Amino acid sequence: MSKEGYAVEGRQRDIDFHLPGNQPEMTPDETRLRVEELRAYYGKSLAVNNVTLSIKTKKVTAIIGPSGCGKSTFIRCLNRMHEVTPGARVEGKVLLDGGDLYGSGIDPVEVRRRVGMVFQKPNPFPTMSIYDNVAAGFKLNGSRDRRIIEDKVEKSLKMAALWEEVRSDLHKPGTSLSGGQQQRLCIARALAVDPEVLLMDEPCSALDPIATAKIEELIHELKDSVTIVIVTHNMQQAARVSDYTAFFYLGELVEFGATGDIFTTPEKRQTEDYITGRFG
Amino acid sequence: MAGNTLYGAGTGASRQHYLYRKGIEWLAWIGMLFCTGVTVFILLMILGYVLYQGASYINWEFLTALPLPAGETGGGIANALVGSAMVVVVATLMAVPIGVGAAIFVNEFPSAQLGRFVRFLAEVLTGVPSIVVGLFAYALVVRPLGSFSGLSGSVAYAFIMIPIILITAHEAFRLVPVSLREASLALGIPKWRTILWVVLPVSSRALLTGVVLAIARALGEAAPMLFTAFGNPFWNLNLKKPIATVPLLIYTYATGPYEDWHRKAWAASFVLLMVVLVTSVLTRVFLRGKSNE
Amino acid sequence: MQGEPQVINRPLGRLLTRASGKLVHPDAQVINLGDRFFYTLTRGLAFCVIFLVILLVLDLFRGSWEAIRQFGLKFLVGTTWDPVARQFGTLPTIVGTIVKAFIALLLAVPISIGSAIFISFYTPKWLRPVISYPIELLAGIPSIIFGLWGLFVMVPVIRVLQVWLKANFGWFPLFNGPAVYGVGVLAGSAILAIMITPIIAAISRDILLTVPRTQIEGMLALGATKWEAIWKVALPYARTGLLGAVILGLGRAIGETMAVTMVGGNSFDLIHSLFDPVHSMASQIASEFAEATYSLYVSSLIYVGLVLFGITIIISLLAQLLLWRLSKGRIAILE
C-alpha cells in the first residue's frame, strides 16, 4: 500500500487491517462497542460497578446521571484512558467490533486511535497553532507529506464546522479561539485521527448556550460518519442529541434504552425520579 | 477472538511505523532511566566516599582536640567546630530579624509594591555567588576594622541567609489561613498583635525549618570565609579576630601537602555532611509532621 | 470525577488567599499606634534588604574603582594578568568561566531534564520521593565537599581519560593539551555538571509536575504514546520554566567557587584545549585575594568580582523572571 494511499484513506485502512477477510456488511443498528461486566476502580474504591451495555454503530449514545455516578469514569474506560489516572484499574471487557480492548497484548495507543475522545474542558495545546493542533494526532502515523496533512486538516476542520471561522488564521495559537471554537478544534483534532468511535466527556459543560447549540448541531452531523458516546449532566441535551440513553446512578447502570423510551416511559423508579428532577 | 491479535499489528507501512514509534518510546524510557540512574549513582558515590573516608578517621580526639602543627599526625578540629558555630550563631542573630521582618511586611501588607519587589529581590539574591558575598563583607567590615575577623564572616553568612529565610518565611505565612487572622481581628485585636500571636505561632514550624535550612546552607560555605573569618590554627573565641571554620579548614587541608591533612579534610567533610544530612532529614520529618496536623 | 490535578489548584488557592487577604488587611486599617509602629518596623526591615543590595553594589564599585580608572573596559579584553608588572586583564578567566559553565550545561541539561522527566512521568507516585529526595539532597551538599571529592576521586580518573584521549584523538585540537595535570577545563566542567544537575533536575521536576493532566491526556487520547505526549505536549508546555531552570543552573555554574578552585586549575593563560588548566573568575578571586599585596592588585580582583556579580545577577534576574510565575519559593529552599 502506498504511503499516500493509506494516509488519505485512513478510515479505509483501519477497517482494512482490523477486520480483514470476510467482513460482514454493516447494518445501521449493529453493535460497535460491547461492554461486559465492566468494573472500574480508583485505588480501592469502586467507581463503576458491573456495567454491561452495547453501543450501536453510527448512533449517539448519551450517558446521564447525577454527578459522581461514574459516568465520566465509564467512558474513560472505553478508550483505556481510565488507567492513565494513577491508581486506577479496570476489570471486565470492552469489545470493539468483537475484539477486547483489555485483552492481553493490546496496546492502549492503538485503541485510542480507533476510539477518540473529547474532554470536559477544551484542551487545545497552547504551544501549537490551530493547524498543528488538528494535525497533532494525524501526524503520529508518520505522514510527512504536507499536501496530505493540509488536506486532512481542512477536512477535519470542515467536519467540525470550524473551517470557515479559522481558515485565514490557521497559524494562530489554538488558545486564541473562543471556548466554543476551542472545543470544536478539539473535536477536529480527534476526528483527524479517523476514529471509529468518538467519546465526549461533558463537552459542553464549560461552554455558553450558543456554543453548546453549535456543538449539538455538530453531533447530529457527525453521527453519519462516526459512533458517538456522550456524557452529559444536562438531560435536555441528552434528549436532544442522542438515540440511546444510559442512566447511571452510584456507579451502576440503572437503565439503558432508546432515548425516547427512557424519557417518556422509564422502567425504573430511579430513572423517572432523576429525569423529572426529583433528585440529583 | 480473531480480531484481537490484529491490534497494533496491521501490515506494511503502518505496521512499520507503529513499531518505529514503539521503539522510540522504549528508547526514551531507557534514556530517562539512564539519566536518573546516573544522577542517583553520582550522589551515592559522593556520599559513600565521604562517609567511608571520613568515618575511618573520625574519633573523639578529632572532635575535641586542637590542631597540631603542620606535618604532625593527630590533633583535631575543635577550634573550627566552635568557630563555625560562633560565626553562624551571630549570623543567624543578624539574619533572622531582617528576613522574618521583611517577610512579614511582604505577606501582611500585600498592597505595598515594595513588598513584591523585595520578595523578587530575595529570589534574585540567591543567585549571587558566595565569593562576591565574601568580597562584600571584606569591604564592609574587614577594611574598616583593619583585620580579618569572625564578625566579618558572620556578616557574609547573614547576607547568604537573609534571602533564604525571607523566602521560606513568606511561604510559611502564606499558608496561614485567612480565617485565623479574621477570627483574631474580629475580636478587636490589633493587627500587630494578630501577627505576633496568631500568624507567627501558627507558622512557627515552617519558620524554624527555613532558618535551619539557611543555617545548614551557610555552614557549608567556604568561599565567603576566605578573606573574612580567614581561619586560625589556634583556639579563639574572640569574634574580632580571625577564627577557624570547618569548610575553610577542609579547603586548607585538602589543598595542603600532607597526607594526614587530606585524611583530616575527609573527616571534617564527614562532620559537615552529617550536619547537612541530619538537618535535611529532620526538616523534612518536621514539615511532614505539620501537614499531618 | 477525575478532578483537576492538585498542582493547578494551588496557585489559584494562593491567589484567592491573597485577594481576600487584601480585603481583610487594607493598609488603610493601619491606624492605631501599635499597628503603625509595626508597619514602619517591618517596612524598615524590608528596606534593609534593598539597602544591603545597594551597599553591595556600591562596595564593589568603590573597591574596584582604582582598577576601573586604571584599565577601564580594556580590563575585560586584556589577556595579561601580571601582578609583578602591575598589568591586569581578565579575558582568559572570563573565557575560562564561560567555557566551563557551558560545557557543564551541555553535560548536565540532558541528564537533569531526563531525570526530571523520569521522575515526573514514569515513576509511580509512591516511588517519586524515593528517587527525588536523594537528588534534592545532592543539591544541598556544600561545594567544598564536591571540591574535595573532585580533587581526590574525580581528577585521577579524568587524568587517565585525558591520557587516553590524547593518545587516541590527539589530532583533535580540543584534546591537544597537556594531559598530565588532570585538573583543568575538563575536570572543572565535570564537577560543575555534577553540582548543577540536581538543581536543574529538582526545579524541572517541579515545573513538569505543573503541566496539566488534561494536556497530556489530550495527546494520549489521540493515540500518542506516552513519550510522544511528553515530547510534543508536556515539554513545549513547560518550556519557559525549564529554560528558567537551565539558566539558574548556568548562573550557579558561573558563580561557583570552591570546587572549581580545587579542580579547575589555576592558570591565567587563554585556553586552547579541554585539558588546559584555567582560572574561573571566582577561583581567581578565591586563590589570589589573600595574597594581593598592593591596592591596585586588590582593586583588580574586586573588579573581577564586580564583573562576576554583573554576569550572575543578570542571569539570576532572567531565571527568576522565567520561573517567577511558576514555582515561587521552591527554588531558594532547594539550594
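For clarity, every value in this text was computed on a predicted model and none was experimentally measured. Below, chain A is the first sequence line, B the second, and so on; all start at residue 1.
Between chain C and the residues B/A122, B/A28, B/A214, B/G99, the largest count of heavy-atom pairs under 4.5 Å involves B/A28. Comparing B/L121, B/T255, B/T279, B/T209 by heavy-atom pairs within less than 4.5 Å of chain C, the highest count is held by B/L121. In terms of non-hydrogen atom pairs under 4.5 Å with chain B, the most contact-rich of C/A286, C/C48, C/G251, C/S143 is C/A286. When each of B/V50, B/I162, B/I195 is checked for heavy-atom pairs under 4.5 Å with chain C, B/I195 comes out on top. Contacts with chain B were tallied for C/L60, C/V153, C/L56; C/L56 has the most, counting heavy-atom pairs under 4.5 Å.
For a residue to count as touching a neighbouring chain, one of its non-hydrogen atoms must lie under 4.5 Å from one of that chain's; by this rule B/L140 touches chain C with backbone and side chain alike. Neither the backbone nor the side chain of B/E221 comes within less than 4.5 Å of any heavy atom of chain C. No part of B/L219 comes within reach of chain C, as not one of its non-hydrogen atoms sits under 4.5 angstrom from that chain. Both the backbone and the side chain of B/F120 have a heavy atom closer than 4.5 Å to some heavy atom of chain C. Both the backbone and the side chain of C/L52 come within contact range of chain B, with heavy atoms under 4.5 Å apart. Contact annotation for B/V100: neither backbone nor side-chain heavy atoms come within less than 4.5 Å of a heavy atom of chain C. Only the side chain of B/L196 comes within contact range of chain C, judged by heavy atoms closer than 4.5 Å. When heavy atoms are compared at a cutoff of 4.5 Å, B/W266 approaches chain C by way of both its backbone and its side chain. Both the backbone and the side chain of B/V124 come within contact range of chain C, judged by heavy atoms closer than 4.5 Å. At a 4.5 Å heavy-atom cutoff, the contact between C/T197 and chain B is made by side-chain atoms alone. Of the atoms belonging to C/I50, heavy atoms from both backbone and side chain fall under 4.5 Å from chain B. Only the side chain of B/L135 comes within contact range of chain C, with heavy atoms under 4.5 Å apart. Heavy atoms of C/F121 lying under 4.5 Å from chain B are absent altogether. Residue contact with chain B, scored on non-hydrogen atoms closer than 4.5 Å, involves the backbone and the side chain of C/L55 alike. With a threshold of 4.5 angstrom between heavy atoms, B/L248 does not approach chain C through any atom at all. Residue contact with chain B, scored on non-hydrogen atoms closer than 4.5 Å, is absent for C/T123. The contact between C/I285 and chain B is made by backbone and side chain atoms together, counting heavy-atom distances below 4.5 Å. Interface remark: B/I46 contributes backbone and side-chain atoms alike to the contact with chain C (heavy atom separation under 4.5 Å). For chain C, no part of B/Y253 is nearby; none of its heavy atoms comes within less than 4.5 Å. Neither the backbone nor the side chain of C/V57 comes within less than 4.5 Å of any heavy atom of chain B.
Between B/V276 and C/I141 there is no side-chain heavy-atom pair separated by less than 4.5 Å. A 4.5 Å side-chain heavy-atom check between B/R119 and B/N107 finds every atom pair outside the cut-off. Using a 4.5 Å heavy-atom cutoff, the side chains of C/T312 and B/V132 are not in contact. Considering only heavy atoms from C-beta on, C/L235 comes within 4.5 Å of C/I117 through its side chain. Residues B/V271 and B/V246 have side chains not in contact (no heavy-atom distance under 4.5 Å, counting atoms from C-beta outward). With a 4.5 Å cut-off on side-chain heavy atoms, C/P198 and B/L43 do not count as touching.
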Worksheet entry | Steps toward side-chain hydrogen bond (donor to acceptor under 3.5 Å, both in side chains) verdict (B/S184, B/T194) | CA-CA 6 Å; B/S184 169; B/T194 303; 2.9 Å; yes
Worksheet entry | CA sep, side-chain torsions, deciding dist, call: C/S299, C/S64, side-chain hydrogen bond (donor to acceptor under 3.5 Å, both in side chains) | CA-CA 4 Å; C/S299 180; C/S64 58; 5.7 Å; no
Practice prompt. For side-chain hydrogen bond (donor to acceptor under 3.5 Å, both in side chains), just list the numbers for C/Y133 and B/S280, CA-CA rounded to whole Å, side-chain angles, deciding distance to a tenth of an Å, and then say yes or no.
Written response: CA-CA 10 Å; C/Y133 185 50; B/S280 169; 3.0 Å; yes
Practice prompt. Given salt bridge (Lys or Arg N to Asp or Glu O under 4.0 Å), test C/E136 with C/R205 step by step and report yes or no.
Written response: CA-CA 11 Å; C/E136 278 177 43; C/R205 180 210 54 189; 3.1 Å; yes
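Note: B/F173 and B/H170 fail the aromatic proximity criterion, with ring centroids not under 6.0 Å apart. The ring of B/F105 has its center closer than 6.0 angstrom to the ring center of B/F109. The aromatic ring centroids of C/F152 and B/Y49 lie 6.0 Å or more from each other.
With respect to B/I42, the side chain to side chain contact (heavy atoms under 4.5 Å, CB included) criterion is satisfied by exactly one of B/V38, B/T39, B/V40, B/L44: B/V38.
For the pair B/K191 and C/F38, the cation does not sit on the ring face, since its NZ or CZ is not both under 6.0 Å from the ring centre and inside 45° of the axis.
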